[in-house]
Amino acid sequence: MKKKDTWGPLIHTLRKAVQKRTLPSVSRVAVEHPSPYRILVSTVISLRTKDEVTLKAAERLFTKAPDLQTLAGLTEKEILTLIYPAGFYKNKAKHLKQIARILIDQYDSRIPNDQAALLSLPGVGRKTANLVLNLGFGIPAICVDTHVHRVSNRIGWVATQTPEQTELALMKILPEKYWIEINELLVRFGQGVCTPVSPFCSRCPVYDNCRRAGVKKSR
DNA sequence: AAAACGGGGGC
DNA sequence: GCCCCAGTTTT
């Protein structure tokens with residue numbers, strides 16, 4: 001006997017609230033060029049960097065380095081120039097070159113489709129690894145960024161301190177079939193409605209459950 | 001658990 | 001000027 005799934009309607013409600021927002025940068029890359037290589041590279045670039053900057057940096061890099069071999073052939077400085085001014089560009093350039101080298105030497109020039117292998121790469125944490133699994137391979141995983149962490153706690157889905165705790169808590173309460181879409185949905189909701197300091201509470205469909213954590217003023 | 005990495009854009 | 005950005009690594 002199965003309990004009725006109340007998540008479907010709730011997710012549908014949230015989706016309507018963010019309907020008009022454009023996709024995050026990595027999702028746009030995924031839509032236009034659904035290759036694990038592009039997902040991985042654009043996700044590394046997207047770390048703490050605005051969508052538009054990420055998109056331009058990724059496009060520039062992809063024209064010079066459309067695959068792992070050409071990426072490994074670029075110097076760190078060349079990569080750095082291509083992805084500037086994405087934040088942390090020195091670290092990212094170093095990591096991208098290292099990643100290309102490691103994948104060519106140890107993974108048969110392929111992007112691995114398992115979490116442990118992805119996590120072993122420099123500059124790749126849980127959020128990046130899970131996003132590559134989701135968008136690159138269609139494998140269910142919950143990737144928790146600042147938006148997902150903040151929103152999940154505010155609207156009362158979880159009560160957690162760290163992103164990893166949020167990931168585990170969401171895996172417990174959310175049916176696996178929603179794991180992929182919930183990432184992008186909560187990010188877009190966090191960007192467009194449940195923003196960090198002055199959220200648009202007037203547009204929020206789940207206001208009644210909100211803890212209003214960290215909310216200074218609402219709009 | 002907290003600091004460091006980091007330039008650009010929004011307000 | 002201050003805050004924020006689809007976080008990760010180091011201390």
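In what follows, chains are A, B, ... by sequence order, proteins preceding strands, each numbered from 1.
- Residue pairs meeting the salt bridge (charged side-chain N to carboxylate O under 4.0 Å, His left out) criterion with at least one partner in residues 8-17 of chain A, sequence neighbours excluded, are R15(A)-E181(A).
- Annotation: dA3(B) and dA6(C) have their C1' atoms spaced 22 Å apart (nearest Å).
- Between the N183(A) side chain and the I142(A) main chain, no donor and acceptor come within less than 3.5 Å of each other.
- Listed by residue number, the members of residues 15-50 of chain A with any heavy atom below 4.0 angstrom from DNA chain B are R48(A), T49(A), K50(A).
- Cluster membership for I180(A) and L170(A), using ILVMFWY side-chain heavy atoms within less than 4.5 angstrom, is not shared.
- Side-chain contact between R60(A) and I83(A): absent, with no pair of heavy atoms (C-beta onward) separated by less than 4.5 Å.
- Across the protein-nucleic acid pair, Q98(A) atom CD and dT9(C) atom C1' stand 12 Å apart, rounded to whole Å.
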Between S152(A) and T166(A), does the side chain to side chain donor-acceptor pair (under 3.5 Å) criterion hold? Intermediate values first, please. CA-CA 8 Å; S152(A) 301; T166(A) 301; over 6 Å; no
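- Closest-nucleotide positions on DNA chain C for K127(A) and H95(A) were compared, and the one nearer the 5' end corresponds to K127(A).
- Using a 4.0 Å cut-off, no side-chain N or O of T146(A) falls inside it from OP1 or OP2 of dC4(C).
- At the heavy-atom level, I83(A) lies nowhere under 4.0 Å from the strands shown.
- What separates CG of L119(A) from P of dT9(C) is a distance of 9 Å, to the nearest Å.
- Residues from residues 178-206 of chain A placing a heavy atom under 4.0 Å of any atom in DNA chain B do not occur.
- Alongside Y207(A), the hydrophobic cluster contains no other residue (criterion: ILVMFWY side chains under 4.5 Å).
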How does DNA chain B read in dot-bracket, base by base from 5' to 3', with Watson-Crick or G-U pairs under 3.5 Å and | used when the partner is on another strand? |||||.|||||
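- Comparing dG6(B) with dT11(C), their P atoms are spaced 14 Å from each other, to the whole Å.
- Between N91(A) and dG6(B) there is a side-chain N or O to OP1 or OP2 distance below 4.0 Å.
- Within the 3.5 Å criterion, the main-chain N or O of V144(A) finds no donor-acceptor partner in the side chain of N130(A).
- Under a hydrophobic clustering in which Ile, Leu, Val, Met, Phe, Trp and Tyr are joined whenever their side-chain heavy atoms come within less than 4.5 Å, directly or via other members, L68(A) and L74(A) fall into the same cluster.
- In this structure, L55(A) places its CG atom 16 Å from C1' of dG9(B), rounding to the nearest Å.
- In this structure, the CG atom of N130(A) is 12 Å from the C1' atom of dA6(C), given to the nearest Å.
- Per the geometry, NZ belonging to K90(A) stands 17 Å off C1' belonging to dT8(C), to the nearest Å.
- Geometric assessment of R203(A) against the ring of F200(A) yields a positive cation-pi assignment under the 6.0 Å and 45° thresholds.
- When the C1' atom is used for both dG9(B) and dT8(C), the distance is 23 Å, rounded to whole Å.
- Across all strands shown, T128(A) has heavy atoms under 4.0 Å from sugar-phosphate atoms exclusively, and none from any base.
- Under a hydrophobic-cluster definition in which Ile, Leu, Val, Met, Phe, Trp and Tyr are linked whenever side-chain heavy atoms come within less than 4.5 Å, directly or via other members, V148(A) and I139(A) are assigned to different clusters.
- Comment: R126(A) does not engage D145(A) in a salt bridge, judged by the lack of any side-chain N to carboxylate O separation of less than 4.0 angstrom.
- Taking 4.0 Å as the cut-off between side-chain N and carboxylate O, R188(A) and E184(A) count as a salt-bridged pair.
- Here Y89(A) does not reach the OP1 or OP2 of dG6(B): none of its side-chain N or O atoms lies under 4.0 Å away.
- Because its NZ or CZ atom is not both nearer than 6.0 Å to the ring centre of F88(A) and within 45° of the ring axis, R48(A) does not count as a cation-pi partner of that residue.
- Using a 4.0 Å heavy-atom cutoff across all strands shown, G87(A) reaches at least one base atom of the nucleic acid.
- Atoms CG (D145(A)) and C1' (dC5(C)) sit 10 Å apart, rounded to a whole Å.
- Interface residues of residues 152-166 of chain A facing DNA chain C, ordered by number: none; criterion, heavy-atom separation under 4.0 Å.
- Residue contacts for V124(A): at a heavy-atom cut-off of 4.0 Å it reaches the sugar-phosphate backbone alone, with no base atom in range.
- Under the 4.5 Å side-chain contact rule for hydrophobic residues, L185(A) and M171(A) share a cluster.
- V31(A) and L55(A) fall into different hydrophobic clusters, where Ile, Leu, Val, Met, Phe, Trp and Tyr side chains are chained together by heavy-atom contacts under 4.5 Å.
- Nucleotide dC11(B) holds its P atom 18 Å from the NZ atom of K216(A), rounded to whole Å.
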